[in-house]
Amino acid sequence: MDPGNLTRVPEFLLLGLSEEPGLQPLLFGLFLSMYLITLLGNLLIILVVSSDSHLHTPMYFFLSNLSWVDICFTSNTIPKILLNIQTQSKAITYAGCITQMYFASLFGVLDDSLLTVMSYDRFVAICHPLHYMVIMNPRLCGLLLLVSWIISVLNSLLQCLMVLRLSFCEGKVEIPHFFCELNQITQLACSDTFLNNIVIYFLTVLLGGGPLAGILYSYFKIVSSIRAIPSAQGKYKAFSTCVSHLLVVSLFYGTILAVYLSSASTHSSQSSATASVFYTVVTPMLNPFIYSLRNRDIKGALKRIFGWWVNNGYSI
């Protein structure tokens with residue numbers, strides 16, 4: 001290919017989920033509703049955890065951070081979707097696309113890392129209950145959070161630097177997705193992407209398979225410890241502390257797996273984009289409901305906060 005035809009294009013075109021004009025108002029309302037629910041639900045979790053002293057424990061410390069990451073994850077993509085639908089424009093600048101791709105990778109890996117850390121927290125709580133507060137001390141919790149951030153930032157930085165070395169053909173570059181997804185951008189490059197693909201596959205196995213293996217090992221040990229508990233009530237009480245986290249993990253990895261299976265089976269970028277809605281939008285929206293509906297501590301804290309608001313309103 002003539003090198004003169006290769007350039008860093010000034011903008012990309014996000015094709016979104018559908019190009020039919022009649023569906024745009026429906027998509028706008030759907031994404032806006034999910035975004036508002038995600039914001040309110042996760043902000044409520046953060047508010048409850050930070051305001052109730054009963055929830056100042058390692059588990060809820062990580063939960064509040066997970067809620068914050070979910071807010072950032074969705075805020076990286078949905079506002080741009082809503083803006084493009086509202087203005088009837090699909091354009092996103094080169095710099096904007098790289099920035100969106102960076103933060104999508106950052107918060108995606110951070111989400112995965114926090115779920116792994118939370119599984120370790122549950123492992124310590126059930127397998128070593130007498131030493132839980134000693135092991136999961138504030139210093140270790142802060143260190144685990146810091147390491148998660150460092151890994152996520154370094155991964156995103158490396159992925160973006162690898163994309164910056166690529167060249168794209170002249171003209172508008174159409175992305176068959178609703179946000180600048182790393183694999184889609186790499187596939188659209190006109191220059192050689194062999195090294196990029198190697199790095200993507202290696203980091204996917206390392207940062208995807210590694211945490212998943214850690215989560216599976218933690219739950220293997222948890223199940224073994226629960227089986228050793230003599231009473232049925234004790235088993236139920238121990239397992240109930242893991243149900244919410246287990247549901248969130250299943251939802252997170254299940255939706256990601258669905259994306260890759262959908263993409264592999266249909267070879268359709270449109271199908272992959274539709275499936276990606278589940279782990280980028282639906283999962284962050286459902287997490288607060290899973291933790292609040294299945295958790296007595298959260299429900300108790302919510303009752304105390306709402307009760308305080310009601311009493312304070314009556315006193316006024």
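Sequence positions, counted from 1, serve as the residue numbers for this chain.
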More than 12 heavy atoms of other residues, nucleotides or ligands under 6.0 Å from NZ of K90: is that the case?
yes
If only side-chain N and O atoms count, and only distance matters, is there a donor-acceptor pair under 3.5 Å linking Y236 with S231?
no
Can you measure from CG (N196) to OG1 (T186) and round to the nearest 0.5 angstrom?
5.5 Å
Could you list who else is in L146's hydrophobic cluster, with ILVMFWY side chains joined at under 4.5 Å, directly or through other members?
I150, L154
With rounding to the nearest 0.5 Å, note down the distance linking OG in S167 to CG in D192.
11.0 Å
Only pairs at least two apart or in different chains count here, so list each side-chain hydrogen bond (donor to acceptor under 3.5 Å, both in side chains) that has a residue in residues 118-137.
D121-Y132
By ring-ring contact (aromatic ring centres under 6.0 Å, His included), F179 pairs with (sequence neighbours left out) H177
Step by step, would you call L145 with V117 a side chain to side chain contact (heavy atoms under 4.5 Å, CB included)?
CA-CA 8 Å; L145 181 62; V117 170; over 6 Å; no
With a 4.5 Å heavy-atom cut-off, do Y35 and L39 have their side chains touching?
yes
Just verifying a value: how many Å separate I215 CD1 and F123 CZ, rounded to the nearest 0.5 Å?
14.0 Å
Residue pairs passing the disulfide (SG to SG under 2.5 Å) test where at least one lies in residues 11-90, sequence neighbours excluded
none
Which label fits Y279 and F73: parallel for a plane angle under 30°, tilted from 30 to 60°, or perpendicular past 60°?
tilted
Can you list every pair that meets disulfide (SG to SG under 2.5 Å) and has a residue in residues 13-54, with sequence neighbours left out?
none
Could you tell me how the ring of F12 sits relative to the ring of Y94: parallel (under 30°), tilted (30 to 60°) or perpendicular (over 60°)?
parallel
Summary of disulfide (SG to SG under 2.5 Å) pairs that have at least one residue in residues 211-245, sequence neighbours excluded
none
Go through the steps to decide whether F107 and S152 satisfy the test side chain to side chain contact (heavy atoms under 4.5 Å, CB included), and finish with yes or no.
CA-CA 7 Å; F107 293 121; S152 303; over 6 Å; no
Distance, nearest 0.5 Å, that separates CD1 of I126 from OG1 of T241:
3.5 Å
When you look at F61 and M136, which way does the side chain to side chain contact (heavy atoms under 4.5 Å, CB included) test go after all the steps?
CA-CA 11 Å; F61 168 74; M136 298 302 296; over 6 Å; no
Scan residues 114-165 for pairs that pass disulfide (SG to SG under 2.5 Å), counting only residues two or more places apart or in two chains.
none
By side chain to side chain contact (heavy atoms under 4.5 Å, CB included), L216 pairs with (sequence neighbours left out) L212
Pairwise distance OG(S51) to CD1(I46) - rounded to 0.5 angstrom:
11.5 Å
How would you list, by chain and number, every residue that makes a ring-ring contact (aromatic ring centres under 6.0 Å, His included) with Y219, sequence neighbours excluded?
H245
In the hydrophobic clustering that connects Ile, Leu, Val, Met, Phe, Trp and Tyr at side-chain heavy-atom distances below 4.5 Å, which members other than L158 occupy its cluster, ordered by chain and number?
V109, L143, V147, I151, M162, L195, V199, F202, L203, L206, L207
Do the ring planes of F31 and F178 sit parallel (below 30°), tilted (30 to 60°) or perpendicular (above 60°)?
tilted
Tell me yes or no: between the side chains of D70 and T38, is some donor less than 3.5 Å from an acceptor?
no
Qualifying residues under side chain to side chain contact (heavy atoms under 4.5 Å, CB included), relative to Q86, sequence neighbours excluded
F28
Roughly how far, to the nearest 0.5 Å, is CD1 of I78 from NZ of K80?
14.5 Å
Side chain to side chain contact (heavy atoms under 4.5 Å, CB included) for L32 and L36? Distances and angles first, verdict last.
CA-CA 6 Å; L32 179 60; L36 292 177; 4.2 Å; yes
Residues forming a side chain to side chain contact (heavy atoms under 4.5 Å, CB included) with S53, sequence neighbours excluded
H56
